[in-house]
Number of protein chains: 2
Amino acid sequence: MERLETLEAILERLRKSIREKGLKNSKQREEVLAVLYKSGTHLSPEEIAQQIKLADRGASLSSVYRLLAYLEQEGFISGLKTNHGGKRYEIASKLHHDHIICLECGEIIEFVDEEIERLQLEVAQKFGAKLISHDMRLFVKCEKCSS
Amino acid sequence: MERLETLEAILERLRKSIREKGLKNSKQREEVLAVLYKSGTHLSPEEIAQQIKLADRGASLSSVYRLLAYLEQEGFISGLKTNHGGKRYEIASKLHHDHIICLECGEIIEFVDEEIERLQLEVAQKFGAKLISHDMRLFVKCEKCSS
DNA sequence: GTATCTGCAAATGCTTTGCACACCC
DNA sequence: GGGTGTGCAAAGCATTTGCAGATAC
C-alpha cells in the first residue's frame, strides 16, 4: 500500500505533538515509528522490538508496548486484532484499506473494493446516517492453508 | 435478532453431530449451548460457567473453554473478539447481520446488505481464499445526532 | 533540576494442557 | 470395558505494572 508521507514528515508531526503535550521525546519512540514505516506491513510488538535491537541498541518489550499504545492513541499507527497470537500494528499513514485475515495461518492481505465502499455509503444514507469510517475484516482460509 | 430454530432443534443437531463423530455427549456440552441460546447476547466463558453453576451442578471453567472451542468449530456458536477482556460467544442460530454504530450517541443498528455480502465473497475468491466469516462495522453520525 | 521515559522483573488476565478419575455408549 | 469427557491445578502467552535509575528539556 502506498505511503502518503515521508518518514521525516511523520517524525516531524510526532515531535510537534510531543512538544505540545509537554512530553519528552526518545530515540525508542521514533524507532518504533520508523520500523513500522520501513516494514510497510503489520508487525507484532515482539517483532518490532527485534527490529529495533538490530538497528540500534534496542528497546525493551515493555517499552515497545507502552510506545505502541501511545502511538495508536495519537493516531500515528493503527492496531489490528488477529485470531492467531496478539495484536499487530501498522503505520497509519497509508491509503485506506480493509483486511483479509487467514484464520489458520494468520496471514493478512490488504485490499480495497470500490464497489463495497460505495455501497457502505449508501447503506448509511438509507438509515439517515452520515458515514464517518468503517472497519471490515474478512476471515478466510487462505490459498496456502487450503492445499 | 430473531431465532431460526428452537433450542430443542439445535440440541438435536448437536446430538446427531456428536453421534456421527463417535463422540460422547455430556450434560455440560448441552448446557453451554442452552445458556447461550437463552441469553441471546454475547457471553464470556466466565459468565457462561457462572450461569451453568446456577442452573445446575456446574461446569469447570476449563471445560467451558473446551466446549466452546468445540461448539465454535462445529458452527453451533460464534466467537467475537472484544476490545477489553477476552473472547465472547453467541449462538450461531441467528440471522447474520452487520452493525452501524453512531460515534456520538453509541446507538447500534443491525443491517444486512446482500450486495455487499456477495462482493465480499468475490473479494475473497479473487485472492484465492475461502470466506469463512466477516466483521463489518460502519461508524456514523446518526440522524438524531445530525439535527 | 525535575518530570518523563526506560528496562527489568514480577504480576495479571485469559486460555490451554497434563493427569487422574468419572461417565457414556 | 474402553474410550471420551471432566475437574483441578499447573503451565503458557500476551500484555501490564511498580519501581529504581537514566534521560530529555
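No experiment lies behind these values; they were computed from the predicted model shown. Just so we're on the same page: letters track the sequence lines, and every chain starts at 1.
One can place CG of B:Leu67 at 14 Å from P of C:dT15, the figure rounded to the nearest angstrom. A:Leu68 has its CG atom 12 Å from the P atom of C:dT6, to the nearest Å. One atom, CZ of A:Arg15, and another, P of C:dT4, lie 21 Å apart when rounded to the nearest Å. Atom CG of A:Leu71 is separated from atom C1' of C:dC5 by 14 Å (rounded to the nearest Å). In this structure, the CZ atom of B:Arg19 is 16 Å from the C1' atom of D:dT4, given to the nearest Å. Rounded to an integer number of Å, the gap from OH of B:Tyr70 to C1' of C:dT17 is 20 Å. Summarising the geometry, the separation between CD on A:Glu30 and P on C:dT6 is reported as 11 Å, rounded to the nearest angstrom. When the C1' atom of D:dC25 is taken as reference, atom CD of A:Glu20 falls 16 Å away, rounded to whole Å.
A sub-4.0 Å separation between OP1 or OP2 of C:dC8 and a side-chain N or O of A:Ser60 is absent. For A:Gln28, no side-chain nitrogen or oxygen approaches OP1 or OP2 of D:dT23 to under 4.0 Å. Within the structure, a side-chain polar atom (N or O) of B:Tyr65 is placed less than 4.0 Å from OP1 or OP2 of C:dT15.
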Between protein and nucleic acid, restricted to nucleotides 18-25 of chain C and to nitrogen or oxygen atoms under 3.5 Å apart, what atom pairs and distances do you find?
from, atom 1, to, atom 2, distance (Å)
C:dC24, O2, B:Lys24, NZ, 3.2

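Ion pair B:Lys16/B:Glu12 not flagged as a salt bridge, since none of the NZ, NE, NH1 or NH2 atoms sits closer than 4.0 Å to an Asp/Glu carboxylate oxygen. Using a cutoff of 4.0 Å between basic side-chain nitrogens and carboxylate oxygens, B:Lys130 and A:Glu143 are not scored as salt-bridged. Comment: A:Arg118 engages A:Glu122 in a salt bridge, judged by a side-chain N to carboxylate O separation of less than 4.0 angstrom. Between B:Lys87 and B:Glu72 there is a salt bridge, since a side-chain N of the basic residue sits under 4.0 Å from a carboxylate O of the acidic one. Here A:Glu20 does not pair with A:Arg15 in a salt bridge; the nearest charged N to carboxylate O distance is not below 4.0 Å.
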Taking distance alone, no hydrogens or angles, what donor-acceptor pairs closer than 3.5 Å link side-chain atoms of residues 99-109 of chain A to residues at least two apart or in another chain?
from, atom 1, to, atom 2, distance (Å)
A:His99, NE2, A:His42, NE2, 3.0
A:His99, NE2, A:Glu90, OE2, 3.3
A:His99, NE2, A:His97, NE2, 3.3

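The rotation axes computed at either terminus of the helix from C:dG1-D:dC25 to C:dC25-D:dG1 lie 30° apart, taking five pairs at each end and rounding to 10 degrees.
Residue contacts for B:Ile18: at a heavy-atom cut-off of 4.0 Å it reaches no nucleic acid atom on any strand shown. Nucleic acid contact class of B:Glu46 (heavy atoms, under 4.0 Å, all strands): none. A:Ala59 comes within 4.0 angstrom of the backbone, heavy atoms only, and of no base.
Applying the side chain to side chain donor-acceptor pair (under 3.5 Å) criterion to A:Lys21, with sequence neighbours excluded, gives A:Glu74. When the side-chain contact (heavy atoms from CB on, under 4.5 Å) test is applied to B:Ala129, the partners found at least two apart in sequence or on another chain are A:Val140.
Shown here is B:Glu46, whose CD atom has no more than 12 heavy atoms of other residues, nucleotides or ligands within 6.0 Å.
Residue whose closest nucleotide on DNA chain C sits further toward the 5' end, between B:Arg88 and A:Leu61: A:Leu61.
B:Val112 belongs to no hydrophobic cluster with other residues, because no ILVMFWY side-chain heavy atom falls under 4.5 Å from its own, directly or through intermediates.
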